[in-house]
> 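Below: one structure in structure tokens.
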Amino acid sequence: MVVRRDSAVGEQGPTGANKTAKATKVSDPSAAENPARKTTAPAKAAPVRKAAPVKKAATARKAAEAAEAKAAVTRGAPSTRRKVPAVKPESRTALVRRARRINRELAEVYPYAHPELDFENSFQLIVATVLSAQTTDLRVNQTTPALFAKYPTPEDLAAADPQEVEEILRPCGFFRAKTKSVMGLSKALVDNHGGEVPGRLEDLVKLPGVGRKTAFVVLGNAFGRPGITVDTHFQRLVRRWRWTEATDPDKIEAAVGALFPKSEWTMLSHHVIFHGRRICHARKPACGACPIAPLCPAFGEGETDPEKARKLLKYEKGGFPGQRLKPPQSYLDAGGIPAPPLGAAG
Ligand code: SF4
């Protein structure tokens, strides 16, 4: 109370006791409400009762300053806060151009991008693709030679002893479910398609264990029909590149397909998947060694130091940038993509 009264005097100047007293009355609401307490115990009540209005005043002042700052920003006045660089909105035309340029750059980096599953005909490709779920292509390639040596045709696999097939497929993981799928698939090929792999999407997706992803792998690589393979790498990369924000594979397929001519779909899928496997990894993308870094909005999500980034590159079958990648002979024999339909040759 004493401090407050002095302060009031100081602010108003020594112009008389009445003014000081008036200021005291205004600044002490408790006194106004209960004058009796003012005369009986002013010293006791003061610290508690005066703290609240001061605190309220400070809060109100802060709120007013914040409101003023907000209003200033709204009016376009310069803000004292550090500016966060805004993401420049990209027009549809610019997005299409950037997406196609990324694909062209990747085509230079991975000139022989190809399906990394080993196969010699459409039956082997569809079986290998079904087996590749939840495991690596390398693991599948280590497993399928024994499988196809013992069961070279859909008829052979459809009539196999499931336990023997399970033993062969054990290294691929989920071997019971995968045995069921490939045997069911073989049986459906024999029963409904004369032992041949059909070349139409609508027929392929009806086969046991075959979804759109597998169907497009088969259509693109065994029949030369364009298709986008939306696997885990493809999903991750196209979101990093802001080609789409969709998370559903079918929506991703539609969104990305709309950015490219149909004729480029299959090779686009290979380029993206090659890049995802070798450089733009899920956890540690090697941004500092990435050939498309200038086109990538996600640059910096991974290691940007060139030396450290180079150590993150993965060497797999087919190599990585700088190497001439050599696809399997069976793929070259088929003429690459677009290829004479392997299905037509059996
Ligand atoms: S710059 Fe980084 S995030 Fe972008 S594509 Fe390259 S590795 Fe992936």
Side-chain angles (χ1 to χ4, degrees), residues 84-116 132 134 136-138 213 216-217 220 227-249 251-261 264-325 327 337:
V84 177
V87 177
K88 204 175 159 194
E90 189 173 38
S91 70
R92 176 78 187 167
T93 309
L95 171 63
V96 170
R97 280 197 190 129
R98 185 170 60 83
R100 292 184 184 184
R101 194 159 159 217
I102 287 178
N103 189 33
R104 283 199 300 277
E105 298 278 340
L106 293 180
E108 300 230 330
V109 177
Y110 310 111
Y112 296 109
H114 58 274
E116 295 186 85
S132 69
Q134 311 289 327
T136 63
D137 288 358
L138 185 64
K213 188 192 92 175
F216 279 127
V217 170
I228 293 180
T229 308
V230 184
D231 74 348
T232 176
H233 301 289
F234 197 94
Q235 292 184 36
R236 179 177 75 252
L237 268 61
V238 298
R239 278 203 298 272
R240 279 182 178 163
W241 297 336
R242 299 214 186 112
W243 289 3
T244 176
E245 288 180 357
T247 50
D248 174 69
K251 287 184 181 159
I252 292 174
E253 182 196 314
V256 174
L259 299 173
F260 293 88
E264 292 183 17
W265 287 359
T266 305
M267 282 312 290
L268 167 73
S269 305
H270 291 322
H271 296 150
V272 175
I273 293 168
F274 256 58
H275 194 58
R277 285 185 172 150
R278 286 156 181 78
I279 297 181
C280 192
H281 311 126
R283 290 204 188 143
K284 288 186 179 173
C287 297
C290 178
I292 56 160
L295 300 167
C296 177
F299 174 79
E301 202 166 298
E303 180 59 64
T304 54
D305 179 83
E307 273 307 307
K308 289 181 187 166
R310 257 194 290 279
K311 289 183 186 150
L312 296 172
L313 299 178
K314 283 194 182 154
Y315 294 76
E316 287 182 27
K317 190 186 94 178
F320 80 104
Q323 278 184 296
R324 292 284 105 181
L325 313 179
I337 293 172

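Just follow the structure's listing: the first ligand is 1, and inside any ligand the first atom is 1. This is a predicted model, so every value here is computed, not measured.
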> Examine C290 and say whether one of its N/O/S atoms is closer to atom 4 (Fe) of ligand 1 than 2.8 Å.
no
> We want to know whether H275 and Y110 form a side-chain donor-acceptor pair, criterion being a heavy-atom distance below 3.5 angstrom.
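Note: H275 and Y110 side chains meet the donor-acceptor criterion.
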> Between C280, G276, C287, A298, flag the one that comes closest to atom 2 (Fe) of ligand 1 by a heavy atom.
C287
> Hey, which atoms in ligand 1 end up nearer than 4.0 Å to a heavy atom of P285?
7 (S)
> Could you tell me which atoms of ligand 1, counted from 1 in the order shown, lie closer than 4.0 angstrom to a heavy atom of C296?
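Per the distance check, 1 (S), 3 (S), 4 (Fe), 5 (S).
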> Cationic tip of R277 within the cone over F274's six-membered ring, i.e. under 6.0 Å and within 45° of the normal?
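No, R277 does not sit over the ring of F274.
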> When you measure from the side chain of R98 to the backbone N and O of L295, does any donor-acceptor pair fall under 3.5 Å?
yes
> Does the side chain of L259 come within less than 4.5 Å of W243's, by heavy atoms?
yes
> Which ligand 1 atoms are under 4.0 Å away from a heavy-atom of W241?
5 (S)
> Among residues two or more places apart or on two chains, list those pairs meeting side chain to side chain donor-acceptor pair (under 3.5 Å) that have a residue in residues 280-291.
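Output for this query is empty, none listed.
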